[in-house]
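We number each residue from 1, following the sequence as shown.
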Amino acid sequence: MNRFAHLQILTKKKGKTPADLIGNTPLVELKHFPLNKGNRLFAKLEFYNLGGSVKDRLGVNILEQALLRGDIQNGTVVEATAGNTGIGLALICQQYGLKLRVYVPEKFSIEKQSIMHALGAEIVNTPTEKGMLFAREEALKFAQETGAFYTNQFESADNPSSYDKLAKEIKRDAGKVDAIVAGAGSGGTFTGLAKHFKESHRVIVEPEGSILNGGESGSHRTEGIGVEKWPVFLDKDLIDAVETISDIDAFTRVSELAQKEGLLVGSSSGAALHAALKTQENMTDSNIVVIFPDAAERYLSQQIFDIKGE
């Protein structure tokens with residue numbers, strides 16, 4: 001008998017790579033919020049992805065599709081981002097030996113900017129008061145001047161398709177889904193999911209200061225969601241309801257999730273939870289699934305647990 005046989009088996013076993021840690025995130029049931037009769041509320045915890053957010057899925061898909069098409073010509077990628085997309089892109093740029101340049105409004109989460117820098121991204125800050133539209137204009141200008149590949153998350157058809165696997169995971173783990181609730185940032189997560197859940201009640205979530213419900217564009221403390229103009233790939237026919245959530249309600253839910261469920265999530269998750277709880281008020285005996293895009297740690301400098309923002 002070969003007493004080293006077990007070592008030979010171990011050396012042949014295929015190990016996971018860091019990129020394998022994108023996807024297959026947990027779906028958990030929230031038990032400590034009052035619900036109508038027979039309703040169950042499930043949260044998809046996307047902060048379990050390698051880079052800590054749902055946007056890791058986008059980073060993988062948008063770059064791998066671009067590489068397959070031969071769209072990346074000089075090894076440089078550029079994007080405008082509040083942070084999570086930049087983190088997801090930075091992880092995949094590492095894998096393929098690409099350089100990443102990101103345009104970020106300067107007062108957005110310093111934690112996310114620090115993570116992007118740690119992963120090798122070059123960060124260019126733009127004036128916060130000029131919003132994400134200006135950051136997008138600067139990213140496009142750089143791409144036109146240098147030949148860099150502009151991932152253009154806000155208009156790329158590869159954005160919604162990045163969430164096909166997310167939809168399959170939810171169907172696998174939740175079974176019956178009567179309502180699906182997701183935030184509006186680029187609109188990609190909601191669009192990708194809505195196409196797979198046509199029989200469900202589909203709710204898109206925005207903060208006050210976003211324009212989907214017809215309001216004026218303005219500032220808000222809730223990061224990662226909110227749009228200044230209608231996303232090109234967001235089909236209105238996919239939307240059953242738009243929930244516009246105040247910063248106070250979003251931050252209140254963030255604190256409640258920490259205290260009641262032990263979940264440390266970002267403000268966009270708080271907004272999504274508030275929308276999900278409003279949605280279930282008109283339902284019974286239903287399964288509601290809400291997407292929690294990222295974790296609280298990357299917003300501590302933004303006083304995410306300070307409801308009043310003082």
Hey, does [Y] have a side-chain heavy atom less than 4.5 Å from the side chain of [X]?
{"X": "Ile288", "Y": "Arg40", "answer": "no"}
{"X": "Ile170", "Y": "Phe197", "answer": "yes"}
{"X": "Lys171", "Y": "Val177", "answer": "no"}
{"X": "Arg253", "Y": "Leu277", "answer": "yes"}
{"X": "Ser217", "Y": "Lys229", "answer": "no"}
{"X": "Leu58", "Y": "Tyr163", "answer": "yes"}
{"X": "Phe42", "Y": "Val28", "answer": "no"}
{"X": "Ile204", "Y": "Leu212", "answer": "yes"}

Answer with yes or no whether the side chains of [Y] and [X] bring together a donor and an acceptor at under 3.5 Å.
{"X": "Thr126", "Y": "Glu106", "answer": "no"}
{"X": "Ser246", "Y": "Glu208", "answer": "no"}
{"X": "Glu79", "Y": "Thr151", "answer": "yes"}
{"X": "Asp164", "Y": "His196", "answer": "yes"}
{"X": "Gln144", "Y": "Tyr150", "answer": "no"}
{"X": "Asp247", "Y": "Thr222", "answer": "yes"}
{"X": "Tyr299", "Y": "Lys112", "answer": "yes"}
{"X": "Thr252", "Y": "Asp249", "answer": "no"}
{"X": "Asn74", "Y": "Thr146", "answer": "no"}
{"X": "Glu223", "Y": "Ser267", "answer": "no"}

Got a donor-acceptor contact below 3.5 angstrom from the [X] side chain to the [Y] backbone?
{"X": "Asn152", "Y": "Ser156", "value": "no"}
{"X": "Lys55", "Y": "Asp294", "value": "no"}
{"X": "Asn36", "Y": "Thr284", "value": "no"}
{"X": "Gln95", "Y": "Ala19", "value": "no"}
{"X": "Thr191", "Y": "Gly187", "value": "yes"}
{"X": "Asn49", "Y": "Gly23", "value": "yes"}
{"X": "Arg202", "Y": "Ile239", "value": "no"}
{"X": "Asn39", "Y": "Gln280", "value": "yes"}
{"X": "Glu261", "Y": "His32", "value": "yes"}

Counting only heavy atoms not in [X], do more than 12 fall under 6.0 Å of its [atom1]?
{"X": "Lys165", "atom1": "NZ", "answer": "yes"}
{"X": "Glu199", "atom1": "CD", "answer": "no"}
{"X": "Lys168", "atom1": "NZ", "answer": "no"}
{"X": "Lys141", "atom1": "NZ", "answer": "no"}

Which atoms form the tightest heavy-atom contact between [X] and [Y], and what is the distance?
{"X": "Pro231", "Y": "Ser186", "result": "CB-O, 3.2 Å"}
{"X": "Ile211", "Y": "Glu216", "result": "CG2-C, 4.1 Å"}
{"X": "Ser161", "Y": "Asn61", "result": "OG-ND2, 3.1 Å"}

Salt bridge check, [Y] against [X]: does any charged N sit closer than 4.0 Å to a carboxylate O?
{"X": "Arg57", "Y": "Glu169", "value": "yes"}
{"X": "Glu122", "Y": "Lys99", "value": "no"}
{"X": "Glu155", "Y": "Arg136", "value": "yes"}
{"X": "Glu281", "Y": "Lys278", "value": "no"}

Could you state whether [X] and [Y] fall into the same hydrophobic cluster, counting links through intermediate Ile, Leu, Val, Met, Phe, Trp or Tyr residues with side-chain heavy atoms under 4.5 angstrom apart?
{"X": "Phe190", "Y": "Val290", "answer": "no"}
{"X": "Ile110", "Y": "Val102", "answer": "no"}
{"X": "Tyr96", "Y": "Leu119", "answer": "yes"}
{"X": "Ile72", "Y": "Phe142", "answer": "no"}

Given Asn159, Thr85, Asp158, the one that forms side chain to side chain donor-acceptor pair (under 3.5 Å) with Gln153:
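Among Asn159, Thr85, Asp158, the one meeting side chain to side chain donor-acceptor pair (under 3.5 Å) with Gln153 is Thr85.
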
